[in-house]
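Down below is the structure, laid out as structure tokens.
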Amino acid sequence: MSRENGRDPGEQGEQLALIREAVRETKAERAKPRTWRGAALAPELPVARVLVDKGLVHLDRFFDYAVPAAMDAEARPGVRVRVRFGAGEKGGRREGGRLVSGFIVERVAESEFRGVLAPIAQVLSPEPVLTAELLALCRAVADRYAGSLADVVQLAVPPRRSRVEAESSPAPLPPNAPPDPGSWERYGAGPGFLTALAQGDAPRAVWTALPGPTWPDELARAAAAALAGGRGALVVVPDGRAAARVDAALGALVGPGRHVVLTAECGPEERYRRWLAVSRGSVRAVVGTRAAMFAPVAGLGLVALWDDGDGSHSDPHAPQPHAREVLLQRAVGERAGFLLGGLSCTVEAAQLVETGWARPLAADRERVRAAAPLVRTIGDGDEARDAAARAARLPSMAWQLVRDGLTRGPVLVQVPRRGYAPRLACERCREPARCRACAGPLEARAAGDLACAWCGREESDWMCAECGGARLRAQVVGARRTAEELGRAFPAVPVRTSGRDHVLASVPATPALVVSTPGAEPVAEGQGYAAALLLDGWALLGRPDLRAGEEALRRWLGAAALVRGQAAGGAVAVIAEPTLRPVQALVRWDPVGHAVRELAERAELGFPPVSRMAAVAGRSDDVAGLLRAAELPAGAEVLGPVPLPVPDPGRPRRPGDPPPGEVWERALVRVRPGQGAALAAALKAARAARLVKREGEAVRVRIDPPDLG
DNA sequence: AGCACGCCGACT
DNA sequence: GTCGGCGTGCTC
């Protein structure tokens with residue numbers, strides 16, 4: 001019997017009263033502190049080790065509770081329970097502690113605790129949701145990210161829905177037949193990879209996908225191969241659109257009932273229903289977004305991740321684990337195959353190949369060249385000559401590309417995000433225009449004067465701090481404005497937009513201008529787009545981020561891969577400086593080469609992922625205090641601390657931002673590869689110690705900080 | 001985080 | 001003598 005509310009669920013109430021009585025008596029005796037009145041306790045393994053669901057770092061351990069006989073059968077490892085936790089017990093009678101929930105992780109015969117165990121208050125549900133395997137994964141992830149086990153478990157186990165739990169899950173289907181290699185034939189080692197999966201091996205690959213619409217099918221085939229071998233498969237993709245495409249492909253390959261989709265879109269109840277079907281072993285393949293990375297797939301044979309450079313693979317909740325790292329852990333811990341695929345290639349992926357942990361899975365150059373569109377660069381000194389091009393604020397070569405493309409099919413125009421408000425930069429040297437008072441970005445106001453977007457201070461005579469230039473240019477132009485202007489330049493052609501609020505999944509094969517922000521590009525039906533124009537070069541490459549180049553290339557390849565191959569007349573133009581490394585990699589369609597060169601450079605500079613880093617942020621003295629308290633591994637290097645930029649006051653406060661009015665500092669700690677675990681452990685221990693001693697305010701610790709300038 | 005225990009100063 | 005300050009430590 002499980003019930004969510006009620007302090008003393010009827011049937012258990014009487015037993016609890018008995019046990020409380022026993023507690024009191026035992027206390028009085030003092031001689032044998034843990035002798036109970038036999039009848040009230042579970043006859044075997046009367047102690048339950050419980051993970052108490054409170055995120056306090058210093059409480060990151062288990063607590064033992066007595067198992068009443070009435071709960072013996074249901075109180076199995078993995079189930080959710082309610083226990084009293086918190087208050088001391090001295091001073092005679094107590095109705096001690098607050099009722100908190102937790103999970104039983106183990107049943108044992110005896111407790112190490114030298115005191116009186118409190119009884120479990122209630123078994124919330126007999127469903128063993130936190131299995132030993134899932135617990136081990138959560139433990140490993142918590143350790144890697146200097147987080148608490150309870151925090152990670154909260155990410156891994158979805159909130160309970162009692163109605164859904166009462167339903168039964170369908171019976172598991174027998175394994176499907178192994179799939180044909182299909183378009184995996186195009187990659188040298190592709191068919192072999194599928195065979196290995198179907199045979200029960202654990203091959204590991206970094207896969208550079210050929211441009212075009214086939215990657216969802218290829219991911220599905222890999223999953224189907226693992227299923228055919230009688231094992232499970234887990235495919236994690238960045239968003240619901242990608243999940244829908246892989247879902248359709250996998251359904252077509254293995255039929256209904258063998259897989260589920262886990263995304264936020266299906267709603268909490270349906271999501272829990274599907275998650276339970278996986279947890280109960282009735283479905284063995286999962287396609288989902290980030291949160292699905294923890295899905296308790298039985299007998300995992302393959303973990304696959306698509307497009308690991310996409311920021312949505314990083315969970316925003318503490319301790320902010322990244323899907324790539326979690327799946328990597330699963331591949332090792334559960335001895336599963338590993339497939340990291342994308343149109344582009346991250347430095348982390350390149351590192352997996354370089355260290356020999358994974359093997360490359362790529363097509364030969366000739367195939368790549370045939371499948372990819374022809375890419376040209378357009379310097380933006382190339383002034384528009386014709387009036388129409390000028391009206392669209394496009395260089396004439398770009399305008400011609402669009403005009404030619406429109407005779408053959410839809411044309412994609414990729415523009416940076418940010419609506420109407422353009423950021424301003426020096427016309428001569430591209431240095432972003434910043435406020436003299438607070439270094440916030442300058443914006444053009446309605447009347448044409450300048451003002452700071454952060455502090456509002458007006459700027460009357462701006463001058464570039466870098467080169468002394470006095471003229472500004474709009475650094476980026478928003479999607480809507482671009483759409484309007486292009487629409488005027490090509491009045492006979494329909495203009496469709498796809499962006500943050502309205503993302504189109506696909507567009508027809510007929511001529512149209514499709515204006516999209518990065519990541520929201522619709523798939524063009526039929527052969528794909530006739531051409532694409534990539535307008536956001538400066539905006540993407542101008543960011544002061546370690547990943548700016550990689551990210552620009554990733555977004556360009558994502559858009560350009562939707563264009564027909566050059567054999568079919570597909571053409572792409574990117575407005576960017578042709579000597580820059582990401583631009584050259586795009587022209588040559590060589591994402592791996594780009595990643596390998598970036599990796600070499602990071603190794604030289606000691607940057608992640610060649611080193612491991614952690615960021616420590618907080619008030620100045622708290623950061624210093626934590627670093628002083630931490631027993632950092634030998635050779636650890638502390639960079640900074642430096643003052644953290646004050647977040648844009650316009651945007652809503654996010655978790656992790658300093659409280660308003662406070663100025664925070666951030667220090668980076670860098671260690672050699674292989675010392676990441678020691679670094680995480682040291683920071684976690686130091687933070688716990690300070691919390692216990694109540695020294696100063698809490699400090700934020702982030703392993704693998706994503707925004708390294 | 002709560003909450004109780006404990007070891008020092010002003011009080012009916 | 002006792003009430004109560006909050007500094008210190010624990011929570012099965």
Side-chain angles (χ1 to χ4, degrees), chain A residues 7 12 15-16 18-30 32-37 40-42 44-69 71-72 75-124 130 135 147-151 153-154 318-319 618 622 625-626 629 655 659 684-701:
Chain A
R7 314 214 119 214
Q12 291 169 4
Q15 292 285 357
L16 288 180
L18 258 176
I19 289 163
R20 287 206 193 96
E21 180 67 15
V23 170
R24 243 166 262 143
E25 238 168 71
T26 316
K27 267 216 65 87
E29 283 173 21
R30 274 283 159 202
K32 283 176 162 187
R34 283 185 294 101
T35 311
W36 299 78
R37 271 193 189 168
L41 274 190
E44 269 172 60
L45 306 180
V47 177
R49 198 145 281 169
V50 172
L51 169 68
V52 175
D53 196 5
K54 287 192 107 195
L56 301 174
V57 201
H58 57 289
L59 286 185
D60 198 16
R61 59 196 169 103
F62 302 135
F63 291 88
D64 291 348
Y65 285 83
V67 181
M71 300 180 194
D72 185 25
R76 288 181 299 158
V79 303
R80 280 182 242 249
V81 292
R82 306 272 284 168
V83 293
R84 296 217 170 266
F85 183 82
E89 200 215 320
K90 322 254 162 80
R93 79 191 76 85
R94 58 135 191 184
E95 247 341 278
R98 296 155 57 86
L99 215 43
V100 297
S101 57
F103 298 86
I104 296 183
V105 294
E106 198 183 3
R107 286 278 296 269
V108 291
E110 265 186 281
S111 173
E112 319 246 289
F113 182 61
R114 304 181 50 77
V116 182
L117 299 187
I120 289 171
Q122 187 189 357
V123 176
L124 274 174
L130 184 60
L135 177 69
S148 74
L149 178 61
D151 279 350
V153 167
Q154 203 168 8
D622 293 328
L626 183 95
K684 183 175 171 178
R687 192 163 52 148
R690 281 171 57 82
L691 257 167
V692 170
K693 287 190 239 158
R694 290 192 205 170
E695 287 172 6
E697 298 290 308
V699 175
R700 302 226 155 84
V701 172

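Note that the structure is predicted; figures quoted are calculated from it, not measured. Letters A, B, ... mirror the listed sequences (proteins, then strands); counts begin at 1.
Stacking between A:Phe113 and the base of C:dC12 is present: ring centres sit under 5.5 Å apart and the planes differ by under 30 degrees.
Taking atom CZ of A:Phe63 as the reference point, atom P of C:dC10 lies 12 Å away to the nearest angstrom. Here C:dC12 presents its P atom at 17 Å from CG of A:Asp60, a figure rounded to the nearest Å. If you measure from atom CD of A:Glu110 to atom C1' of C:dC12, you get 15 Å, rounded to the nearest angstrom. Put simply, CZ on A:Arg84 is 22 Å from P on B:dA1, counting in whole angstrom units. The nearest whole Å value for the distance from the CD atom in A:Glu112 to the P atom in C:dT11 is 14 Å. Whole-Å rounding puts the A:Tyr65 OH to C:dT11 P distance at 10 Å. Atom pair A:Arg61:CZ and C:dT11:P shows a separation of 7 Å (rounding to whole Å applied). Per the geometry, CD1 belonging to A:Ile104 stands 13 Å off C1' belonging to C:dC12, to the nearest Å.
By the salt bridge (charged side-chain N to carboxylate O under 4.0 Å, His left out) test, A:Arg49 pairs with A:Asp64, A:Glu106, sequence neighbours left out. Taking the ring-ring contact (aromatic ring centres under 6.0 Å, His included) definition, one finds that A:Phe62 meets it with nothing, sequence neighbours left out.
Expressed to the nearest 0.5 Å, how far CG of A:Leu149 lies from CG of A:Leu135 amounts to 6.0 Å. One finds the CZ atom of A:Arg80 at 12.5 Å from the CD1 atom of A:Ile104 (value rounded to the nearest 0.5 Å).
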